[in-house]
Student: 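Please find one structure pasted underneath; my questions will follow.
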Number of protein chains: 2
Amino acid sequence: MTISEENYIKVIYHLSLVSPKGVNTNAIAGMLETKASSVTDMLKKLSEKDLVSYQKYQGVSLTENGLLSAKMIVRKHRLWEVFLVEKLAFNWDEVHEIAEELEHIKSEALINKLDAFLGFPAFDPHGDPIPNEKGVIQKVNKLLLSEAELNREYFCIGVKDSSSEFLKYLDKQKIALGSTFKVIEKESFDDTLTVEVNSQEKIISNKIANNLYVQ
Amino acid sequence: MTISEENYIKVIYHLSLVSPKGVNTNAIAGMLETKASSVTDMLKKLSEKDLVSYQKYQGVSLTENGLLSAKMIVRKHRLWEVFLVEKLAFNWDEVHEIAEELEHIKSEALINKLDAFLGFPAFDPHGDPIPNEKGVIQKVNKLLLSEAELNREYFCIGVKDSSSEFLKYLDKQKIALGSTFKVIEKESFDDTLTVEVNSQEKIISNKIANNLYVQ
DNA sequence: ATAAAAATTTAGACAAAACTAAAAATTAAT
DNA sequence: ATTAATTTTTAGTTTTGTCTAAATTTTTAT
Ligand SMILES: [Mn+2]
Ligand SMILES: [Mn+2]
Ligand SMILES: [Mn+2]
Ligand SMILES: [Mn+2]
C-alpha cells in the first residue's frame with residue numbers, strides 16, 4: 001500500500017465507526033482535504049485491491065482485508081503517539097501530525113518492538129484504545145461529560161476532539177486524562193455545566209462537554 | 001523536499017566524500033538502483049532548487065544548501081539507527097532499511113528530542129559519526145585493518161561496508177565495535193592477515209580487512 | 001410527480017518520478 | 001587524429017495521484 005492508499009483506508013475506517021452502513025465520498029474528501037473526484041478515483045483502486053467494497057453512488061465500506069489494514073495503521077499511529085509523549089516529552093497536542101507520518105513506516109518488527117518497549121500500552125495520549133498485534137481493540141465503557149448524571153463522580157478517560165486548539169484549552173483549564181469530574185448543575189437554556197474538576201468549580205460549555213469522555 | 005529528492009541528495013553526499021570534484025550520473029544511478037536518464041531528470045530539478053550545482057556532462061556537486069540538507073538526513077538516519085539498536089534491541093544488521101524510511105520524517109523537534117533521549121550519541125551502531133544540530137561532523141582518526149601495523153594493538157571503531165551480510169559475518173566471528181585487534185602476520189601473496197581478535201587468533205581475508213576501521 | 005439541489009462520477013489534463021530507445025558528448029584506444 | 005567505446009542527455013511514454021469542468025445519479029423540496 002502506498003502512503004496515500006493508507007491515508008484513505010484509515011479515514012474510511014474512522015468514518016465507518018460513525019456511519020457503519022457506508023461512507024460518503026464527500027466525507028472522505030473533507031477529511032483528506034481533497035476533491036470528491038479524487039476520492040472516486042481512489043475508491044476504484046482500493047476496490048480493485050479488495051480493500052473496500054464499493055458500488056458507485058452507494059458509498060463505501062472496508063472489506064475484512066481493509067479493516068485489518070486500517071487497524072494496523074491506527075495501531076502504529078497511536079503507539080508512536082505514546083512514544084512521543086512518554087519517551088520524548090512531547091505535549092499531547094503536538095504529536096498527531098508527527099504520528100501521521102510515522103504511521104506509514106513499513107516494518108512489522110519495528111512496531112512490535114516499539115509496543116514492547118512502551119510496555120504494551122492500552123491507550124494513546126488522547127485516551128484512544130490501541131489495537132493489539134492481531135487488530136483486537138479493547139472495548140471501553142465511556143460517556144460524554146454532557147451525558148453525565150448530576151452529583152456523581154467521574155474520571156476523564158479521553159477526548160473526542162484531539163485538535164491542538166482543544167487540547168491546549170484543556171491544558172489551560174488544567175484538565176487532563178485522570179481528572180475527576182462532578183456535575184453540580186446543568187443550565188437548561190444552553191446546557192452549560194457547572195462542574196467540580198479536581199474539586200475546583202468551573203463553568204463548562206456544552207461544546208466542551210461534548211468532547212470529553214468520562215467514566 | 002520529497003522523499004525521492006532527499007534520497008538523491010543523500011547519495012550525492014556520500015559519493016562526493018569519495019569523489020569531491022564531481023559525482024557521476026552513473027554512480028548515482030547505481031546507488032539508487034535507477035536509470036541514468038532518471039538521474040539526469042532529477043539533477044535538473046535539484047539544480048533548479050539550488051541544492052546541487054550541475055552542468056551537463058560535467059558531474060554534480062552539492063551546494064551549501066544541499067550539503068546542509070544532506071547532513072540533516074544523515075543525522076536523522078544515524079540517530080534512528082541508534083534508537084533501533086539501543087532502545088528497541090534490533091541487531092546492527094537489521095536497522096539500515098528501517099532507518100532508510102525513518103530518515104524522511106519531517107519534524108525538527110522530533111529529531112532534536114530523539115537526540116536528547118539517546119544522550120546525544122556521537123556515533124551510530126556502525127561507527128559512523130552523527131552530525132550535530134548544525135551539521136557539524138566530528139572528525140575521527142581511523143585506518144583500515146588492512147593498513148594496520150604488525151604487532152600493535154588496535155580497537156575496531158567502525159565498518160566500511162554495513163551490508164547485512166558483512167555484519168552477520170562479523171557477528172559469527174564475534175567481531176564487534178570495541179573488539180581489539182593485533183595483526184600477527186600478513187601473507188604477502190594475497191594479503192590475508194593472521195590477527196588476534198580479543199586475544200583469539202583468526203585468519204582474516206583482505207576483503208574483510210578492507211572493510212574494518214580501527215584506531 | 002416533477003423540478004431543483006446536492007452528491008457523485010466521468011472525461012480530460014497535469015505534475016512527479018520513473019522507464020526505453022535514440023541521439024549527443026566525452027573519453028579511451030588505436 | 002580518427003575511430004570506437006562509454007557516459008550522459010534528450011525525446012517520448014507510463015503510472016500515480018491530483019485537479020477542473022461537465023455529465024449523471026440520487027435526494028430533497030414543492
Ligand atoms: Mn498519515
Ligand atoms: Mn491520538
Ligand atoms: Mn531513504
Ligand atoms: Mn549506519
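Since we're looking at a predicted model, the values are computed, not measured. Numbers restart at 1 for each chain; the letters A, B, ... are given by sequence-line order, proteins then strands.
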Student: Specify whether Trp80(B) and Phe83(B) have parallel, tilted or perpendicular ring planes, treating 30° as the upper limit for parallel and 60° as the lower limit for perpendicular.
Tutor: perpendicular

Student: Indicate yes or no for a side-chain donor-acceptor contact from Lys160(B) to the backbone of Tyr213(B) under 3.5 Å, with no hydrogens or angles considered.
Tutor: no

Student: Please state whether the base of dT7(D) and the side chain of Tyr57(B) form at least one donor-acceptor pair under 3.5 Å?
Tutor: no

Student: Apply side chain to side chain donor-acceptor pair (under 3.5 Å) to Ser4(B) and list each qualifying residue two or more places apart in sequence or on a separate chain.
Tutor: none

Student: Looking at residues 5-30 of chain A, who's got a heavy atom less than 4.0 Å off DNA chain D?
Tutor: Tyr8(A)

Student: Any side-chain N or O of Thr2(B) under 4.0 Å from OP1/OP2 of dA16(C)?
Tutor: no

Student: Can you find a donor-acceptor N/O pair under 3.5 angstrom joining the side chain of Ser37(A) to the base of dT8(C)?
Tutor: no

Student: Looking at Lys35(B), does any N or O in its side chain come under 4.0 Å of the phosphate oxygens OP1/OP2 on dA21(C)?
Tutor: no

Student: Find which nucleotide of DNA chain D each of Lys56(A) and Ser38(A) is nearest to by heavy atoms, and output the residue with the more 5' nucleotide.
Tutor: Ser38(A)

Student: Counting the benzene-type ring for Trp, do His77(B) and His96(B) have ring centres under 6.0 Å apart?
Tutor: yes

Student: Could you check whether any side-chain N or O of Asp124(A) sits under 3.5 Å from a backbone N or O of Gly127(A), counting only pairs where one atom can act as donor and the other as acceptor?
Tutor: yes

Student: Mind checking Ser4(B) for me? I need base, sugar-phosphate or nothing, with any heavy atom below 4.0 Å counting as a touch.
Tutor: sugar-phosphate

Student: What is the distance from CE of Met42(B) to C1' of dC19(C), rounded to the nearest Å?
Tutor: 14 Å

Student: So, OP1 or OP2 of dT8(D): does either fall under 4.0 Å of a side-chain N or O from Tyr54(B)?
Tutor: no

Student: Would you call Lys106(A) and Glu6(A) a salt bridge, using N to O less than 4.0 angstrom?
Tutor: yes

